[in-house]
There are 2 protein chains.
Amino acid sequence: MKDISLKIEDYLPLRDVVFNTLRDAIINGDIEPGERLIEISLADTLGVSRTPVREAIRELETEGLVVMTPRKGAEVAKISNKDLTDVLEVRRVLEVLAVELACEKITPEQLARLEENLNDFDACVSKGSASDLSSLDENFHEIIYNATDNKRLVQILSNLRKQMYRYRFVYIKTLSHRKTLHSEHLEIFNALKEKDKAKSVAAILKHIDNQKKAIMENIHFDC
Amino acid sequence: MKDISLKIEDYLPLRDVVFNTLRDAIINGDIEPGERLIEISLADTLGVSRTPVREAIRELETEGLVVMTPRKGAEVAKISNKDLTDVLEVRRVLEVLAVELACEKITPEQLARLEENLNDFDACVSKGSASDLSSLDENFHEIIYNATDNKRLVQILSNLRKQMYRYRFVYIKTLSHRKTLHSEHLEIFNALKEKDKAKSVAAILKHIDNQKKAIMENIHFDC
DNA sequence: ATTTGTAATACTGTATACAATATATATAAT
DNA sequence: ATTATATATATTGTATACAGTATTACAAAT
């Protein structure tokens with residue numbers, strides 16, 4: 001007997017379904033920054049009770065997507081220029097740590113998966129959907145995070161990336177950005193393959209800084 | 001009219017009370033690693049309903065103090081040597097970032113508060129309680145975190161420190177450790193006062209690495 | 001016109017009840 | 001004796017009800 005395991009994810013408690021639904025809605029702008037999240041009306045809309053909605057909202061708060069005030073309720077977080085800068089400032093040093101660790105610990109199997117990801121990405125650059133590219137991008141970085149063999153780092157970095165999801169379409173929208181993305185990933189991959197720390201760090205920094213630039217140029221903030 | 005603001009913290013919802021209670025219990029070892037957290041029995045013990053207990057447990061999970069499995073429940077996280085190493089690995093680079101930013105942005109007022117903290121600490125070294133020293137230690141670092149003017153960084157670093165609370169007594173227990181702690185804080189303070197990044201980084205690294213050593217020497221892990 | 005007081009309303013906070021699932025126990029079958 | 005099956009029990013997941021608190025609207029007073 002082999003490879004038989006329950007796909008526990010299929011069980012997905014309601015709160016997680018609600019969570020995913022709301023997160024998508026926020027990221028896609030269906031619920032706007034500053035808009036209030038009323039438990040009862042969300043529950044009615046989604047056809048569930050308040051309990052899972054409450055728990056989902058709390059999860060969203062820890063991801064920084066909503067802000068809660070006691071006895072007043074929750075609203076979609078307004079992300080300011082400063083907030084984004086703060087997130088990137090932290091991500092920057094953690095991404096550096098991540099590739100350094102990955103250089104030491106990445107397995108051949110993980111390298112193979114990165115290569116496969118690059119191929120898929122390449123195939124998607126011109127004809128793939130934004131959603132496809134977005135998840136490939138996410139997947140690429142998750143592989144590297146996991147290669148660090150540091151759960152805490154994986155958790156924090158994944159979280160920080162999620163807080164920038166709202167802006168991911170910016171650098172996936174145009175063909176030129178897609179090509180840049182691919183070439184930067186390739187560069188990171190090659191550096192990791194060679195286990196060259198300095199090169200890896202340089203590549204990841206370039207990647208991050210480019211994304212920051214792309215976002216800053218294309219977004220104008222409310223506040 | 002000036003400086004009048006409601007101390008909203010005094011309202012403290014039940015879930016936060018429960019959260020604090022449980023956290024203290026875990027940190028102090030009243031609830032042991034691996035022990036299950038049963039909602040209903042905790043609720044009965046504390047004289048509240050399941051709802052605030054549930055929410056408190058979820059908060060504890062995001063702090064890494066408990067581990068939850070869907071439909072099975074929560075248990076106090078078993079912290080392994082590896083876990084602690086992982087936390088410190090991340091903290092290390094973030095603490096470096098923090099002092100670098102603090103060098104640039106710390107205000108005279110914050111420096112004054114650090115100095116005051118050092119005086120209080122000095123007064124406590126020989127005769128203070130472990131709890132006094134612990135909160136002074138926490139306060140010292142919180143001032144530096146806040147000096148970075150990066151909310152995200154403050155949030156993550158505070159969180160990572162909390163995950164090591166269980167071990168704080170190790171380096172507060174003995175007089176020699178207390179003295180070391182004070183002199184290291186002094187060194188960090190002086191470097192920040194001079195706005196000397198290299199010196200600050202060196203001082204904070206020494207501080208972290210010393211703590212790691214102290215903990216590693218004094219704790220033996222279950223797993 | 002501005003402030004104050006009061007009531008109505010809309011929420012969140014908390015408790016509780018019920019449903020679904022996992023775990024433990026006991027019994028029967030081989 | 002071991003496995004399989006059934007049953008009871010414990011515990012989480014979800015829904016709902018009620019209590020307490022904020023917000024709003026509006027009337028009364030100055």
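FYI, side chains are in, hydrogens and waters are out, and symmetry mates aren't considered; it's all heavy atoms of this structure. Each chain gets a letter, A, B and so on, in the order its sequence line appears, and its residues count up from 1.
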Check: Within the structure, does a side-chain N or O atom of A/Ser49 lie under 4.0 Å from either OP1 or OP2 of D/dA15?
Finding: yes
Check: Choosing from D/dT11, C/dT14, C/dT12, which nucleotide comes nearest the side chain of B/Pro52?
Finding: C/dT14
Note to self: Pick the closest DNA chain C nucleotide for A/Gly73 and for A/Thr51 by heavy atoms, then say which residue is nearer the 5' end.
What the structure shows: A/Gly73
Notebook entry, point to check: Do we see a donor-acceptor contact under 3.5 Å between the side chains of B/Asp83 and B/Ser80?
Noted result: yes
Next item on the list: Quickly work out the A/Ile38 CD1 to D/dT23 P distance and round it to whole Å.
Entry: 12 Å
Next item on the list: Using whole Å, report how far CD1 of B/Ile40 lies from P of D/dT9.
Entry: 17 Å
Note to self: Using OP1 and OP2 only, check whether a side-chain N or O of A/Arg54 sits under 4.0 Å from C/dG13.
What the structure shows: yes
Note to self: Heavy atoms only, 4.0 Å cut-off, all strands: where does B/Ile57 land among base, sugar-phosphate and nothing?
What the structure shows: nothing
Item checked: Separation of C/dT14 P from B/Arg50 CZ (nearest whole Å) -> 15 Å
Next item on the list: Would you mind classifying the nucleic acid contact of B/Leu42 as base, sugar-phosphate or nothing, using non-hydrogen atoms under 4.0 angstrom?
Entry: nothing
Checklist line | Value rounded to 0.5 Å, distance of NZ in A/Lys162 from CD in A/Glu138 | finding: 7.5 Å
Notebook entry, point to check: According to the interplanar angle, ranging from 0 to 90°, do the rings of A/Phe140 and A/His185 count as parallel (below 30°), tilted (30 to 60°) or perpendicular (above 60°)?
Noted result: parallel
Note to self: Just the rounded figure in Å: distance from P of C/dT16 to CG of B/Leu14.
What the structure shows: 12 Å
Margin query: Strictly below 4.0 Å, N to O, side chains only: are A/Arg15 and A/Glu59 in salt-bridge contact?
Written below: no
Next item on the list: In whole angstrom, give the distance that lies between atom CZ of B/Arg36 and atom C1' of C/dT23.
Entry: 9 Å
Notebook entry, point to check: C/dG13 phosphate, OP1 or OP2: any side-chain N/O from B/Arg15 under 4.0 angstrom?
Noted result: yes
Notebook entry, point to check: Any chance NZ of B/Lys105 has more than 12 other-residue heavy atoms, nucleotides or ligands included, within less than 6.0 Å?
Noted result: yes
Notebook entry, point to check: Quick one: is C/dT23 close enough that its OP1 or OP2 comes under 4.0 Å of any side-chain N or O from B/Lys72?
Noted result: yes
Check: Could you give the CG-to-P distance, from B/Leu12 to C/dT14, as a whole number of Å?
Finding: 10 Å
Note to self: I need the CG-P distance between A/Asp44 and C/dA10, as an integer number of Å.
What the structure shows: 13 Å
Checklist line | Nucleotide nearest B/Val48 when distance is taken to its side chain, options D/dA22, C/dA15, D/dG13 | finding: C/dA15
Next item on the list: Starting at atom CD of B/Glu59, determine the distance to atom P of C/dG13, rounded to an integer number of angstrom.
Entry: 12 Å
